[in-house]
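Notes to accompany the following structure.
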Amino acid sequence: MLPAATLVRFRCVCRSWKELIRDPVFIKEHMRNRASKGTGYLLHVKLEHSIDRTFRFLNDETFERSLEIRLPLELYWKSFSIVGSCNGLLCLTVAVDFGTTIYLCNPFVRTYKTINPPSEQSNVKFSLGFGYYDVTNDYKIVRIASVMDDDMDSAFQYKVVMASKIEVYSMMTNSWKSIEVDYFPWGWIERKSEALINNSIHWKAVYRSRDEDIAVILAFHMGEEVFYQIDQPDFEADGDDLMEHIGVFKGDLALFAFHLTDNYPWHEKCHLWVMKEYGVVSSWTKLYSIRIDGGVVSPIIFTNNDEIIYENGELELSVCRLDSNAVTPLAVDNQGYLSLVTYVDSLVMLNG
């Protein structure tokens, strides 16, 4: 099928073509067709670090820049972070007020929608997640509002969470609702969700028991609208003080454990674990243990070709092929200040 940007221009040909292009069944079929041809990567640099107000689309095989897409005029002078990417839609939030101003945007068809969250309160930290629930053909934003105490947790260097409020936005109903939870023991949650798999959004989190704080993966099922916890693999034998990055590796939930280059020599090994059977902790399997030249400061995303894209010790963007340990630098500007997400173009429309 033709790219979304081309098909959108055909809406003005006649009424029947316009109705076809807007038909949900046709939109789904178009997405499946485009995804079967391979996904690409959408790269964005924040406003304060670039005057180039575009999304750059990179080829998923060569990582060469194949297309530049200008931001909609209304978003042109805003500095935002990408919360997530799903079926051609991006969830964005204004960086300086993370979680208080939110947009959905389809950059290929140049439509966007402002999502006005419920009323705000002071001393709150927001965590956001974005995903798609196929059963109801609905896109959802999850916002976890953690009310913070002024006392700093000395062990983890974050403020103590006093209470949490859960809010879910549905694009189908264009409305927010609060999710009642009787017990919410996760005291720290990553600001942006890192994996979308099994109809669930996933964050790194810390489970706070009476005796200790335990690093876990927090998940939210978009159909049942409930939270559940997935234990991380036991990688204690891989080394001390390892950092974790979660994502999706070849269709499986994955965890990448690494030594932060700022604190450790670059020759320390990194480890990739995958959950072969979703939700079964005993199915965590270590696929790779490798030394990555230049070290790892920030893992970004897994590719479909046994690779990980990451920032190295010089804040340079690189690709490491995990099965051969071959490292290739990516020639992009403004490294160290960019966002990179998987992306496939789609016809999903948004009305502001």
When you compare the side chain of [Y] with that of [X], does any pair of heavy atoms fall below 4.5 Å?
{"X": "Leu322", "Y": "Leu287", "answer": "no"}
{"X": "Ile82", "Y": "Leu92", "answer": "yes"}
{"X": "Phe235", "Y": "Glu244", "answer": "yes"}
{"X": "Ile214", "Y": "Glu212", "answer": "yes"}
{"X": "Leu255", "Y": "Pro233", "answer": "yes"}
{"X": "Asp231", "Y": "Tyr207", "answer": "no"}
{"X": "Pro107", "Y": "Leu90", "answer": "yes"}
{"X": "Trp273", "Y": "Thr285", "answer": "no"}

Do [Y] and [X] have ring centroids that are under 6.0 Å from one another?
{"X": "Tyr132", "Y": "Tyr139", "answer": "yes"}
{"X": "Phe130", "Y": "His202", "answer": "no"}
{"X": "Phe184", "Y": "Phe227", "answer": "yes"}

- Message: Under a 3.5 Å cutoff, is there a donor and acceptor pairing between the side chains of Tyr228 and Ser200?
- Response: yes
Atom pair [atom1] ([X]) and [atom2] ([Y]), whose distance is rounded to the nearest 0.5 Å:
{"X": "Ile292", "Y": "Cys320", "atom1": "CD1", "atom2": "SG", "value": "4.0 Å"}
{"X": "Trp188", "Y": "Ser127", "atom1": "CH2", "atom2": "OG", "value": "8.0 Å"}
{"X": "Ile246", "Y": "Met275", "atom1": "CD1", "atom2": "CE", "value": "11.0 Å"}
{"X": "Ile102", "Y": "Asn116", "atom1": "CD1", "atom2": "CG", "value": "9.5 Å"}
{"X": "Phe302", "Y": "His245", "atom1": "CZ", "atom2": "NE2", "value": "4.5 Å"}
{"X": "Phe57", "Y": "Phe108", "atom1": "CZ", "atom2": "CZ", "value": "4.5 Å"}

Quick one: does any side-chain atom of [X] pair with a main-chain N or O of [Y] as donor and acceptor, under 3.5 Å?
{"X": "Ser346", "Y": "Asn87", "result": "yes"}
{"X": "Arg321", "Y": "Asn305", "result": "yes"}
{"X": "Asn325", "Y": "Arg291", "result": "yes"}
{"X": "Thr93", "Y": "Thr101", "result": "yes"}
{"X": "Arg143", "Y": "Gly99", "result": "yes"}
{"X": "Lys177", "Y": "Ser170", "result": "no"}
{"X": "Ser318", "Y": "Pro329", "result": "no"}
{"X": "Asp97", "Y": "Thr100", "result": "no"}
{"X": "Asn106", "Y": "Val348", "result": "yes"}
{"X": "Asp138", "Y": "Met171", "result": "yes"}

Between [X] and [Y], what is the shortest heavy-atom contact and its length?
{"X": "Ala145", "Y": "Phe126", "answer": "CB-CE2, 3.5 Å"}
{"X": "Ala254", "Y": "Leu272", "answer": "CB-CD1, 4.1 Å"}
{"X": "Val248", "Y": "Leu196", "answer": "CG2-O, 3.8 Å"}
{"X": "Ser85", "Y": "Thr342", "answer": "OG-O, 2.6 Å"}
{"X": "Ile201", "Y": "Gly131", "answer": "CD1-N, 3.9 Å"}
{"X": "Ser81", "Y": "Lys192", "answer": "CB-NZ, 4.4 Å"}

- Classify the angle between the aromatic ring planes of Tyr169 and Trp176 as parallel (below 30°), tilted (30 to 60°) or perpendicular (above 60°). tilted
- Please name the residue in the list Val216, Leu128, Ile217, Ile144 that meets the side-chain contact (heavy atoms from CB on, under 4.5 Å) test with Trp203. Ile144
- Message: Tell me whether Lys250 is salt-bridged to Asp252, with the criterion being a basic N under 4.0 Å from an acidic carboxylate O.
- Response: no
- Query: Does Glu167 come within less than 4.0 Å of Lys165, counting only side-chain N to carboxylate O?
  - Reply: yes
- Given Leu58 and Leu340, is the side chain to side chain contact (heavy atoms under 4.5 Å, CB included) satisfied, shown in steps? CA-CA 10 Å; Leu58 308 182; Leu340 185 72; 4.2 Å; yes
- Task: State plainly whether one hydrophobic cluster holds both Val226 and Met222, where clusters connect Ile, Leu, Val, Met, Phe, Trp and Tyr through side-chain heavy atoms under 4.5 angstrom apart.
- Result: no
- Item | Shared hydrophobic cluster, Val25 / Val344 (ILVMFWY, side-chain heavy atoms < 4.5 Å) | no
- Derivation of the side chain to side chain contact (heavy atoms under 4.5 Å, CB included) call for Trp186 and Gln229: CA-CA 9 Å; Trp186 300 282; Gln229 177 177 299; 2.7 Å; yes
- Go through the steps to decide whether Ile308 and Val319 satisfy the test side chain to side chain contact (heavy atoms under 4.5 Å, CB included), and finish with yes or no. CA-CA 6 Å; Ile308 184 169; Val319 183; over 6 Å; no
- Task: With side chain to side chain contact (heavy atoms under 4.5 Å, CB included) as the test, would you mind laying out the steps for Lys140 and Met172 before giving the verdict?
- Result: CA-CA 9 Å; Lys140 295 188 177 184; Met172 179 176 289; over 6 Å; no
